[in-house]
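These notes are about the structure you will find just below.
The structure displayed is predicted, hence computed values, not measured ones. Just so you know, residue 1 is the first one in the sequence shown, and it goes up from there.
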Amino acid sequence: MEEGAHAETEAAAPPNPIGALRRKIRAARLKVTLDEQLGRKTSPEVRSLAGMKLPPLVRSNKPLTEATAQGMFQRMSTDELLRTLRREILAAELKVVLDRRLRRDTAPAVKKLAGMMLPPI
């Protein structure tokens, strides 16, 4: 995948600090796992980030605190749903490649997701 392709997807989406934090936590968890597999040392900052609990997903036009207090969760738009599906497919493809390199089994559901065609941007 081209580096610019993912950047275009991110640029089209409005800023989402919760989503950004969730991505950073997941990336830190992946880095810790890879560092352990490869026998490398992981910085305390990355370990601390990896240990954080993922913040909840809220899809609303209201601020996070107001949306959770009132229970106002908005349905995903089609574009947002396709962007999410695209990210999940790309993550599954990455997991399949990593599992192959590390000689691990990959769950059939992950293989099936990785085999799906990417939705249009």
Side-chain angles (χ1 to χ4, degrees):
M1 181 179 94
E2 294 179 36
E3 289 180 11
H6 184 66
E8 290 173 11
T9 303
E10 293 298 318
N16 179 359
I18 299 297
L21 178 58
R22 290 176 64 86
R23 280 190 299 280
K24 288 179 183 179
I25 291 171
R26 284 193 193 114
R29 289 176 180 175
L30 177 61
K31 179 162 177 30
V32 168
T33 301
L34 290 173
D35 285 350
E36 287 173 358
Q37 290 284 331
L38 299 172
R40 297 186 302 204
K41 186 173 179 173
T42 307
S43 71
E45 294 85 10
V46 173
R47 284 201 174 274
S48 175
L49 184 60
M52 290 179 66
K53 183 178 176 184
L54 286 174
L57 285 176
V58 175
R59 289 181 171 72
S60 174
N61 57 354
K62 305 225 179 245
L64 179 63
T65 53
E66 187 178 335
T68 54
Q70 297 178 6
M72 301 175 84
F73 297 97
Q74 190 178 28
R75 288 182 53 148
M76 284 181 142
S77 70
T78 302
D79 289 343
E80 190 176 5
L81 180 65
L82 291 176
R83 280 195 306 269
T84 301
L85 177 60
R86 185 178 182 83
R87 280 194 304 269
E88 292 295 326
I89 292 170
L90 292 171
E93 289 175 353
L94 175 62
K95 178 152 179 41
V96 168
V97 170
L98 287 173
D99 285 348
R100 190 177 302 134
R101 285 203 142 190
L102 297 171
R103 293 181 171 82
R104 295 188 302 204
D105 291 333
T106 304
V110 175
K111 287 181 182 179
K112 186 174 182 177
L113 183 60
M116 291 177 66
M117 287 182 48
L118 288 174
I121 296 177

- Message: Do R83 and R86 make a side-chain contact, defined as non-hydrogen atoms from C-beta onward lying under 4.5 Å apart?
- Response: no

- In terms of hydrophobic clustering (I, L, V, M, F, W, Y; side-chain heavy atoms under 4.5 Å; direct or indirect links), are M52 and L54 co-clustered? yes

- Item | Over all atoms of both residues, closest heavy-atom pair of V46 and A28 | O-CB, 3.7 Å

- How long is the gap from CG on L82 to CG on L118, to the nearest 0.5 Å? 11.0 Å

- Message: I need the minimum non-hydrogen distance between L85 and M116, along with the two atoms involved.
- Response: CD1-CE, 4.3 Å

- Query: Does the S48 side chain pair with the main chain of P44, one donor and one acceptor, at a distance under 3.5 Å?
  - Reply: no

- Answer whether the closest heavy-atom distance between the side chains of R22 and I25 falls below 4.5 Å. no

- Task: Compare all side-chain heavy atoms of P119 with those of I89 and state whether any distance is below 4.5 angstrom.
- Result: yes

- Item | Sub-4.5 Å side-chain heavy-atom contact between L49 and K31 | no

- Residue pairs meeting salt bridge (Lys or Arg N to Asp or Glu O under 4.0 Å), one or both in residues 100-117, sequence neighbours left out, come to D99-R104

- Nearest-0.5 Å distance, CG of residue L34 to OG1 of residue T42: 9.0 Å

- Heavy-atom check, side chain of L98 versus side chain of L30, under 4.5 Å: yes

- Query: Which atom pair, heavy atoms only, marks the closest approach of A92 to V110?
  - Reply: CB-O, 3.7 Å

- Item | V96-L90 co-clustered via ILVMFWY side chain contacts under 4.5 Å | no

